[in-house]
Amino acid sequence: MERTLIIVKPDAVQRGLTGEIIRRFEARGLRIIGMKFMLISREVAERHYAEHKGKGFYEGLLNYITSSPSVVMVLEGPNAVQAARTTIGKTKPFEAEAGSIRGDLALETGRNLVHGSDSVESGEREIAIFFKADELVSWSRASDPWILE
Ligand code: IDP
Ligand code: MG
């Protein structure tokens, strides 16, 4: 089982797309094991996006992600990192495939609705920024035998 950190970003929350986006991950079969609604602080945003420090879009990215509340989640499942990235679509929404969240619901890279970890290691690092161990819930879902072989 893998875990991935998902952020339903401020543009998605402001546009009333929170439910639509969570619905897509749930329908895919990924299991929610943690979730919080929060205004991401500058300090947390800097830690989360540390790899992008110094890039041209970095300041705009920090302003965007701290501008308004987000919904932060941990999803679990086999190949959860890659499965979630596919459901999210490519970074640039105008390149993202129809059927993906970005391909269906977004147009610009700086307003691309969702974050998903890009590797298992990134996921572990990012989850630790947003969640304490006791905020993640181990549970079995009644539908698991119909989703997981
Ligand atoms: P990802 O979210 O698909 O993993 P990254 O390359 O890790 O994409 O970039 C992190 C976030 O930074 C993007 O989701 C997007 O919000 C923002 N970003 C990346 N490149 C640009 C850009 O060229 N212009 C504006 N924002 C960007
Ligand atoms: Mg990334």
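Since this is a predicted model, take the numbers as computed values, not measurements. Numbering of ligands and ligand atoms starts at 1, following listing order.
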### Query
Side chains of Asn79 and Arg85: do they bring a donor and an acceptor to under 3.5 Å?
no
### Query
Between the side chains of Thr87 and Arg28, is a donor N or O closer than 3.5 angstrom to an acceptor N or O?
yes
### Query
If you measure from the Lys or Arg side-chain nitrogens to the Asp or Glu carboxylate oxygens, is any gap between Arg125 and Glu121 under 4.0 Å?
no
### Query
What heavy-atom pair brings Asn112 and Pro93 nearest, and what distance separates the two atoms?
CB-CG, 3.7 Å
### Amino acids contacting ligand 1, non-hydrogen cut-off under 4.0 Å
Lys9, Tyr49, His52, Phe57, Leu61, Tyr64, Arg85, Thr91, Arg102, Thr109, Gly110, Asn112
#### Entry: Residues Asp144 and Ser140: side-chain donor-acceptor under 3.5 angstrom
no
### Query
Charged N to carboxylate O below 4.0 Å: is that the case for Glu76 and Arg3?
yes
